[in-house]
Amino acid sequence: MSTEENPAAAPRSLAEALRGRDDVSLAALLRSRPDLITPVPTDLTQLATRAGTRASVVRALERLDRFTLQTAQALAIASDPATHDELLGLMAGDDGDPAVSAALPHALGTLLAQALVWGGDDRLRLVRTARELLAPSPQHPSPTGLGPTVREAGAGISPGRIQELLATAGLPSTHDSVSALNALAGLFDDPERMSALLDQAPSESVEVLERLVWGPPYGQVTADPAPRLRWLLDRGLLLPTAPGTVVLPREVALRLRAGRAHRTTEPVPPPVEAAAAHRPQMVDATAAGQAYTALATVEELLKDWHEGGPAVLRAGGLSVRDLKRTAVALDVPEPVAAFWVELAYAAGLLASDGEADERYAATPAYDEWRERPAGERWARLATAWLAATRTPGLVGERDAKDRTLSALGPGLDRSAAPEVRHRVLALLAGLPEGAAPDAGSLLARLRWERPPRADRTGGGAPSPYARRTPAQPAEGTRGAAARAGGSGAPGYPADGAGGAGGEDDLRSRLARWTLAEAEMLGVTGRGALSSHGRALIGAPPAPRHADTRTEPTGPGDKLPVHHRQTPVPHALSPAEQATAAAAAGRLLGPLLPEPLDHVLLQADLTAVAPGPLERPLADMLGVLADVESKGGATVYRFTPASVRRALDAGQSAADLHAFLAAHSRTPVPQPLAYLIDDVARRHGHLRVGAASSYVRCDDDAVLNEILADKRAAGLGLRRLAPTVLAARTDPAALLEGLRAMGFAPAAESAEGDVLIARADAYRTPPRTPPEPVPDGPPVPDDTLLAAAIRAVRAGDLASTAPRKPVAGAADTEPGELPRTTAAETLAGLQAAVLTNDTLWIGYVNAEGGASQRVIAPIRVEGGFVTAYDHTADEVRTYPLHRITGVAELAE
């Protein structure tokens with residue numbers, strides 16, 4: 001039975017509509033709009049009120065796809081309430097559109113489920129706040145390009161002028177302006193009479209209407225309009241809204257548009273096209289190579305900072321100079337270096353030490369991470385990247401206060417980043433296996449799923465009162481309309497970045513950055529999602545491409561669009577994400593190269609590592625030699641300084657010879673053996689101690705040589721004894737000075753023993769990874785939803801239960817607490833215990849919060865009442881002095 005046949009069944013408010021929903025529907029509403037239960041509302045009336053607030057409605061509108069948003073925009077210009085047929089006519093036009101008709105029920109169902117629309121098919125109502133946001137107005141043009149109705153535009157026209165418009169349009173005069181405007185609107189709504197009127201219009205007048213019909217609908221005229229404009233003004237086809245300003249009424253525009261509210265409706269999301277296809281094995285191999293490079297790059301970064309990295313700026317973050325040095329050390333561009341630094345920070349492997357002279361360094365978690373298998377290490381990096389809100393691509397740009405954004409500094413968090421990253425990877429997962437996406441179609445799909453602000457509220461349109469040529473009120477309108485309602489330039493501000501049009505553009509940039517970062521990290525290979533990348537987001541294996549080709553024939557070769565794409569996976573919970581990351585690591589592990597236990601020594605004092613080395617070998621070789629080049633094979637070079645570094649770390653010459661012999665597939669070259677022996681022979685010949693500092697040597701000729709060297713002038717040396725020199729500098733500076741002069745001194749303790757300068761890494765105190773900045777309240781889990789719904793329904797029961805008036809009690813308005821005297825409250829509770837009745841009470845807790853509850857009293861004793869509380873769905877005890885009053889419920 002329709003609501004027209006049974007008006008009593010139609011809800012009269014949003015609260016009544018919510019009251020008629022079941023728990024599953026309420027859970028879906030709270031899951032899609034989690035801000036509604038932060039905090040949990042006391043009853044359904046408060047829930048409905050909160051659902052209609054401006055902030056909540058704006059947030060809900062921002063998460064609608066383009067077609068659902070167009071449906072809401074059509075409802076904003078429809079009658080209130082509107083019927084389903086009227087809405088369908090506005091969306092599909094007079095000629096109808098099967099695709100729109102098929103997609104409209106789902107879009108309307110989304111609006112109803114999110115409480116943006118309520119009512120039945122014959123009485124659809126858009127919530128008032130959404131109508132105010134989406135309805136056309138001079139200050140906020142609508143993306144529909146429509147203007148005010150005849151009744152709204154003609155409200156300021158004199159009664160005499162309105163009667164003249166009726167006469168010129170061939171309509172009988174009326175007794176008042178309201179009926180006259182209704183008659184004029186009826187003329188424009190009638191297709192046959194409207195067509196007859198337009199058939200009489202001069203062609204120049206029709207051209208003016210065509211310029212205004214898709215918006216903006218406003219124009220300016222002079223005091224003496226041209227004949228083509230006068231013809232339109234005399235018949236009400238253009239109505240004055242202000243001196244020199246006219247508008248095309250909504251009814252006229254809809255008639256000229258054949259009933260369509262939008263120039264173009266998009267009921268079906270644009271498909272993501274495949275630009276190229278590769279063999280899945282090649283994609284996985286390429287991605288695995290990138291994943292190995294990612295692990296090596298992060299290790300190299302933190303190894304470079306293991307004794308204490310760059311200083312932290314006073315405002316936080318890395319300086320431009322330090323970022324350049326890091327980029328040079330990693331042999332990558334600065335933006336890429338910023339990405340690796342931020343990735344290590346997001347994974348909790350890098351942090352500031354918190355000292356007075358604050359510096360960046362690796363965390364203790366880095367040592368644990370290095371000991372894990374390669375697949376697990378990669379999974380930790382990939383999971384941190386996927387969930388991070390910090391956006392390395394913004395490094396180097398300026399914030400709203402014109403300050404440069406620095407790596408590891410504040411201002412880089414963008415709450416939309418995790419959603420965009422997951423969505424991009426999910427869309428890649430919807431392509432056939434091995435298919436790389438066309439970036440343009442991917443961005444178009446993302447813009448359809450989250451339209452720019454100009455498409456939501458018309459905020460990108462120019463002012464309707466912009467100066468135009470007086471003789472042609474619609475000149476330039478077509479270009480302006482394209483700017484106002486097209487799907488081109490994005491238009492809402494970035495969170496924290498200021499400036500109109502920033503956030504829409506940021507989402508597109510985030511998508512492009514995601515594609516690049518996923519390739520660097522090894523989530524994708526050759527642009528296609530890898531098998532371990534699919535596992536990372538919990539996507540099922542993709543079907544093989546129907547095309548028999550495995551490679552494109554050229555750079556511009558595109559594969560045909562596949563309409564039956566793999567279902568897009570949903571966002572994962574933290575537990576599901578951990579499981580997915582573990583699965584991704586297991587898939588990637590076998591694809592990574594096995595570490596080697598040997599190198600190839602060469603006669604030119606170099607060693608070649610033909611692949612990744614086992615960690616003990618790599619660590620020792622990193623101390624004994626310097627990295628000369630990287631790539632498929634790493635080349636190490638042995639120098640006197642590098643050999644001395646190994647000796648300072650506690651190794652002896654014999655240890656170094658044995659190490660090289662054990663790990664080289666080639667004989668140890670004679671030049672390398674001579675180098676080790678020569679440096680070892682001179683190592684420790686000089687001793688440096690802390691007397692401020694001193695140098696002692698058994699050979700006084702060596703000390704004479706030092707004193708005679710001009711480079712020693714800055715050390716402040718003087719002879720204390722034939723074999724001892726004292727210095728004004730500290731031991732560390734003295735060591736460095738003597739080494740710069742070509743000597744190889746060794747440090748000694750106060751007891752005269754040689755100090756071993758081991759390469760122990762500097763670590764920060766334990767640090768937790770940075771928490772992502774949430775994009776609004778988190779989505780509640782099922783347990784919280786069930787508890788919230790139970791509390792809301794119980795509170796609603798308490799607030800809506802009919803009561804009997806209490807004799808002698810003050811009258812209470814709806815929503816107010818009952819008020820009775822202490823004696824009446826006690827008597828009512830005792831009587832309810834004897835009769836097993838249910839009561840309505842007012843209660844004030846210890847914090848002063850007032851609430852109303854429905855209870856079934858069990859016993860009253862000792863100044864307390866124990867009762868089953870229907871509001872809380874449990875037995876509770878309440879102090880009598882905190883009960884404001886009681887009332888019986890009606891039968």
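Considering every non-hydrogen atom in both Ala603 and Pro671, the closest pair reads O-CG, 3.8 Å. Val298 and Trp369 make their closest contact through CG1-CH2, 4.0 Å (heavy atoms, listed as atom of the first residue, atom of the second, distance). Closest approach of Ala288 and Leu591 over heavy atoms only: CB-CB, 3.6 Å. In this structure, Arg359 and Gly309 approach most closely via the heavy-atom pair NE-O, 2.9 Å. Contact record, Asp399 with Arg403: OD1-N, 2.7 Å, taken as the closest heavy-atom pair. What you find for Ala379 and Ala581 is that their closest heavy atoms are CB-O, 3.4 Å.
Looking at heavy atoms from C-beta onward, Leu720 lies out of side-chain contact with Leu725 at the 4.5 angstrom threshold. Annotation: side chain of Phe659 is not in contact with side chain of Gln651 (no heavy-atom distance under 4.5 Å). Looking at heavy atoms from C-beta onward, Pro280 lies out of side-chain contact with Val283 at the 4.5 angstrom threshold. Two residues are said to be in side-chain contact when any heavy atoms from C-beta on lie closer than 4.5 Å; Gln602 and Val608 meet this criterion. Taking 4.5 Å as the limit, every side-chain heavy atom of Leu386 sits out of range of all side-chain heavy atoms of Val523. Counting heavy atoms from C-beta on, the side chains of Leu323 and Val395 come closer than 4.5 Å. Residues Trp305 and Leu301 have side chains in contact (heavy-atom distance under 4.5 Å, counting atoms from C-beta outward). Ser693 is not listed as a side-chain neighbour of Asp730, based on a closest heavy-atom distance of 4.5 Å or more.
Under the 4.0 Å criterion applied to side-chain N and carboxylate O atoms, Arg645 and Asp626 are assigned as salt-bridge partners. Ion pairing between Asp284 and Arg534 fails under the 4.0 Å rule for side-chain N and carboxylate O. Ion pairing between Asp648 and Arg739 holds under the 4.0 Å rule for side-chain N and carboxylate O.
Here the side chain of Arg421 pairs a donor or acceptor atom with the backbone of Ala388 at under 3.5 angstrom. Judged purely by atom type and a 3.5 angstrom limit, Ser642 has no side-chain atom pairing as donor or acceptor with the backbone of Phe638. The backbone N or O of Phe743 lies less than 3.5 Å from no partner atom in the side chain of Arg682, so there is not a single donor-acceptor pair. With His422 contributing its side chain and Pro418 its backbone, the two residues share no donor-acceptor pair below 3.5 Å. No donor-acceptor pair closer than 3.5 Å links the side chain of Arg512 to the backbone N or O of Leu515. Under a 3.5 Å cut-off, the side chain of Arg390 and the backbone N or O of Gly409 do form a donor-acceptor pair. Asn704 places a side-chain N or O within 3.5 Å of a backbone atom of Asp700 that can act as its donor or acceptor partner. With hydrogens and angles ignored, the 3.5 Å screen pairs no side-chain donor or acceptor of Arg718 with any backbone N or O of Arg728. Judged purely by atom type and a 3.5 angstrom limit, Gln577 uses its side chain to pair as donor or acceptor with the backbone of Leu536. Between the Ser406 side chain and the Gly317 main chain, no donor and acceptor come within less than 3.5 Å of each other.
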Worked verdict on Asp413 versus Thr389 for side-chain hydrogen bond (donor to acceptor under 3.5 Å, both in side chains): CA-CA 5 Å; Asp413 284 289; Thr389 56; 2.6 Å; yes
Candidate pair Asp597 and Arg665, rule side chain to side chain contact (heavy atoms under 4.5 Å, CB included), full reasoning: CA-CA 10 Å; Asp597 62 351; Arg665 289 291 178 89; 4.2 Å; yes
Derivation of the side chain to side chain contact (heavy atoms under 4.5 Å, CB included) call for Met520 and Trp340: CA-CA 10 Å; Met520 288 191 293; Trp340 293 120; 4.2 Å; yes
Side chain to side chain contact (heavy atoms under 4.5 Å, CB included) assessment of Thr666 paired with Val599: CA-CA 8 Å; Thr666 58; Val599 294; over 6 Å; no
Check against side chain to side chain contact (heavy atoms under 4.5 Å, CB included), Leu295 and Leu381: CA-CA 9 Å; Leu295 295 176; Leu381 294 180; 3.8 Å; yes
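With values rounded to the nearest 0.5 angstrom, Ser530 atom OG is found 11.0 Å from Gln290 atom CD. A distance of 7.0 Å separates CD in Glu397 from CG in Leu405, rounded to the nearest 0.5 Å. Separating the CD1 atom in Ile537 from the CG atom in Leu428 is a distance of 7.5 Å, to the nearest 0.5 Å. The distance from the CG atom of Leu601 to the OG1 atom of Thr606 is 8.5 Å, given to the nearest 0.5 Å. The CG atom of Leu521 lies 6.5 Å from the CH2 atom of Trp385; values are rounded to the nearest 0.5 Å. Once rounded to the nearest 0.5 Å, the distance linking OG1 of Thr286 with CD of Gln281 reads 11.0 Å.
Within the structure, ring pair (Phe, Tyr, Trp, His ring centres under 6.0 Å) contacts touching residues 520-539 (residues at least two apart or in different chains) are Trp378-His532.
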